[in-house]
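Some notes on the structure that comes next.
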Amino acid sequence: MTAPTPLADATHAKGAEIIVLEGVDKYFGDFQALRDINMRVGRQEVVVVIGPSGGGKSTLIRCINRLEKHDRGRIVIDGIELTDDIKNIQEVRRETGMVFQQFNLFPHVTVLENVTLAPRQVRRMPKKDAEELAMAMLRRVKIPEQARKHPGQLSGGQQQRVAIARALAMQPKILLFDEPTSALDPEMIKEVLDVMEELAASGITMIVVTHEMGFARAVADRVVFMADGEIVEVGTPEHFFRSPEEARTKQFLAQIL
Amino acid sequence: MTSVDLEPTDAGRHIPAKSPARWVRRNLFRTWYDSSITIGFGVLFAWVLVGIVRFLLTADYTILRRNLALFMLGSFPRDQLHRPAAALLMIALATGLAAGALTAHRREIAAVTGVGYQSSRVIDVVRRFWPVVLLVVVLLALTETITPSLIVVGALGLGLIGVWAGRRIRARFRRLAWAALLVLPFLVYFMLAGFGGVGWRGWGGLHLNLFVTVAGVLLAFPLGLVLALGRKSSLPAVRTLSVAYIEFVRGVPLITLLLMGVFAIGFFLPAGVRPGTVTRVLIAITVFESAYIAEVVRGGLQAVPKGQVEAAQALGMTPWSIMRRIVLPQALRATIPAMVGQFISLFKDTTLVGVVGLPEVLSVAQDVNTQPDFVAQGLERLTLPFAALIFWVGSYTMSREARRLERKLGVGER
């Protein structure tokens with residue numbers, strides 16, 4: 001067994017920090033969804049969060065762009081602390097893209113308009129520039145030919161790639177993925193994971209909640225295991241899949257591998 | 001073929017028969033009680049049909065002929081009839097232009113997305129609006145001079161010219177065609193009322209019903225939208241006020257509001273401000289209609305999934321921009337059927353303004369029976385069905401158009 005490296009600690013980031021969570025608690029009524037979360041993520045780092053359902057994985061990343069409000073502790077994104085100040089929240093959201101399990105594309109506009117909407121509305125980009133940018137992003141996710149269609153005319157895998165392009169068009173520093181392949185048919189999972197792998201290689205900071213262990217093994221810098229609202233164990237993929245230490249981690253991995 | 005394409009049919013349930021005779025035997029005369037029901041209802045239908053046809057053929061339509069202008073325009077000065085005629089011609093031209101521009105726009109989009117596009121032919125348009133065509137034919141048959149027919153022919157001609165021109169408007173100028181459509185109501189009003197014409201205080205007949213409907217919709221829709229958003233507001237005061245307004249108004253009959261508008265609104269206005277009856281009626285109808293529209297819109301807002309708002313928030317969009325670009329377009333689309341239902345009932349409810357003394361179609365249909373030539377002859381049996389026909393054509397056309405729109409918007413979404 002190898003000695004725990006600094007990476008095996010959730011509070012240590014690789015490189016300069018871009019996401020800092022300190023003592024974060026989150027309640028839904030009486031239910032505590034997050035318990036004393038401490039975590040630092042470095043620039044260009046890819047963190048994969050795994051764990052059983054209801055363990056707080058989604059809540060964790062939804063707190064990072066304030067889709068959920070944390071009840072205690074501090075969250076600082078790229079030097080901006082998330083408080084009730086709406087200006088800070090908007091700024092963090094501009095720098096943070098999110099990809100959802102159910103895609104959440106806007107069904108009433110075309111694929112191209114899905115991607116140009118935020119740059120035009122939020123960044124006040126001229127239509128022409130926004131469309132050029134959007135086409136570049138659609139090429140990056142390999143579906144430029146679908147630009148004029150409506151989301152409902154695409155397959156699940158294509159829709160999720162559009163959702164990734166939509167997030168990329170804001171040129172965020174951080175991308176959050178909330179189980180991006182869980183709603184997809186098996187044959188479409190790979191096309192989405194391939195795109196995500198390329199993004200990871202391009203140096204964007206990513207936090208990925210997923211059940212795809214192959215992806216975690218191949219792409220993650222660190223793997224975080226969460227259960228019951230806590231971070232149970234953190235480590236490199238090798239550490240994780242070869243020699244997990246905590247009983248809950250072993251049990252979880254035994255169930256899914 | 002004039003039947004509506006979306007009506008549910010029983011055709012699928014029957015085994016297809018080879019010949020009409022076999023179909024009849026299978027579906028109408030299979031057993032002795034099938035046969036007796038078929039014959040019984042057949043006789044009943046025939047009897048009613050013969051009665052109606054005989055009545056229509058033998059009736060004396062003088063009461064309608066002589067009062068047609070009253071039905072259409074109320075007491076609009078007869079020496080000013082060129083004004084509504086000119087307004088009609090202008091509406092036809094503008095509608096044609098807009099339709100033409102829309103066709104060109106659709107064709108371009110279809111070309112870009114690679115979908116085939118077939119523009120509608122005249123026969124398609126006639127089929128689509130057959131109730132309106134029927135009404136126009138009936139109305140022209142009742143006219144006593146050739147002038148109205150000439151005006152209708154002129155309007156059709158101008159409409160076609162509009163379509164022709166509209167298709168040739170360059171893409172970048174098309175916005176002007178839409179803008180023209182927005183300015184149209186004001187232009188029409190000016191044509192009727194400007195330079196010694198007659199303002200809405202003097203309007204009557206079908207013209208008044210249409211005016212009250214359109215003005216009611218245009219005024220009540222924005223107010224209803226604001227109320228629906230108010231009801232979902234996070235500010236308790238705004239929310240409470242909206243809920244109180246909506247629930248109060250929905251609990252009161254329209255006729256009460258109309259009477260209050262006419263007799264009680266004066267108490268709330270500063271001395272010297274004395275709005276005319278039509279204005280008062282419009283206020284009452286706007287108050288009434290906006291509460292219902294608010295509830296319709298609220299239903300639509302609830303139909304937009306939470307994930308839509310979250311996705312927009314995650315992109316950094318502001319609440320206002322999320323509402324305008326993401327939530328409302330989807331919510332309003334979802335409300336089309338309910339909204340049109342609301343507008344249809346408003347159109348029919350405009351008959352209630354007769355109660356406060358305005359000369360709308362239904363009250364004309366009753367009042368003409370007090371004219372010396374027609375008094376006490378029971379001619380309501382002619383005038384009331386005539387009024388009913390007018391309302392049916394309006395309501396059924398709206399309903400058909402709404403279904404068309406719904407079907408069109410449903411394509412390729414979600």
Side-chain angles (χ1 to χ4, degrees), chain A residues 58 61-62 64-68 86-87 89-124 145-154 159 163 166-172 174-176 178 183, chain B residues 105-117 171-172 174-175 233-235 297 300-337 339 405-414:
Chain A
S58 289
I61 64 168
R62 286 165 64 86
I64 290 175
N65 68 352
R66 193 67 166 201
L67 287 184
E68 304 288 353
I86 185 75
K87 275 219 177 90
I89 296 173
Q90 295 290 42
E91 196 157 333
V92 166
R93 284 176 177 166
R94 281 200 292 271
E95 304 303 331
T96 313
M98 190 170 207
V99 177
F100 298 85
Q101 181 176 354
Q102 300 295 341
F103 328 138
N104 294 351
L105 291 178
F106 307 130
H108 59 299
V109 293
T110 63
V111 164
L112 186 67
E113 287 163 330
N114 262 277
V115 184
T116 56
L117 193 62
R120 293 194 62 193
Q121 293 288 310
V122 181
R123 298 240 191 261
R124 301 272 159 224
E145 71 283 359
Q146 312 285 3
R148 300 279 167 186
K149 289 191 183 167
H150 276 80
Q153 295 166 288
L154 306 187
Q159 290 193 45
R166 178 176 70 176
L168 285 175
M170 283 295 285
Q171 298 172 309
I174 302 164
L175 268 182
L176 306 171
D178 190 1
Chain B
H105 179 65
R106 291 234 178 90
R107 200 180 274 159
E108 270 166 32
I109 288 196
V112 171
T113 49
V115 191
Y117 181 79
R172 66 163 79 162
R174 244 172 242 152
R175 270 168 197 274
S233 165
S234 52
L235 304 172
V297 172
L301 290 174
Q302 279 166 346
V304 178
K306 208 168 129 234
Q308 291 290 310
V309 175
E310 287 185 348
Q313 283 176 333
L315 288 166
M317 289 170 69
T318 59
W320 163 244
S321 152
I322 293 172
M323 186 50 76
R324 187 166 127 64
R325 304 281 169 181
I326 307 299
V327 177
L328 279 183
Q330 296 186 57
L332 294 183
R333 204 165 288 208
T335 62
I336 288 172
M339 202 68 89
L405 189 63
E406 231 178 290
R407 225 178 330 157
K408 200 161 257 169
L409 290 177
V411 173
E413 324 261 329
R414 232 175 242 290

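Just so we're clear, the structure is a prediction, and the values are computed from it rather than from any experiment. The chains referred to below are lettered A, B, ... by the order of the sequence lines, with proteins before strands, and numbering in each begins at 1.
For the options A:Leu67, A:Asn65, A:Leu154, A:Ile86, heavy-atom pairs under 4.5 Å to chain B are most numerous at A:Leu67. Most heavy-atom pairs under 4.5 Å with chain B: of the set A:Arg166, A:Arg94, A:Met98, A:Met170, this distinction falls to A:Arg166. Between chain B and the options A:Thr110, A:Val92, A:Leu176, A:Asn104, heavy-atom pairs under 4.5 Å are most frequent for A:Asn104.
Heavy-atom distances place both the backbone and the side chain of A:Phe106 under 4.5 Å from chain B.
Listed by first and then second residue, the salt bridge (charged side-chain N to carboxylate O under 4.0 Å, His left out) pairs involving residues 308-319 of chain B are A:Arg62-B:Glu310, B:Lys306-B:Glu310 (not counting sequence neighbours).
Side chain of B:Gln308 to main chain of A:Leu105: a donor-acceptor pair is present (N/O by atom type, distance under 3.5 Å, no hydrogens or angles).
By the side chain to side chain contact (heavy atoms under 4.5 Å, CB included) test, B:Arg325 is found to be paired with A:Leu117, A:Gln121, B:Met317, B:Ser321, residues two or more places apart in sequence or in another chain being considered.
Shortest non-hydrogen contact noted between A:Ala167 and A:Pro172 is O-CD, 3.3 Å.
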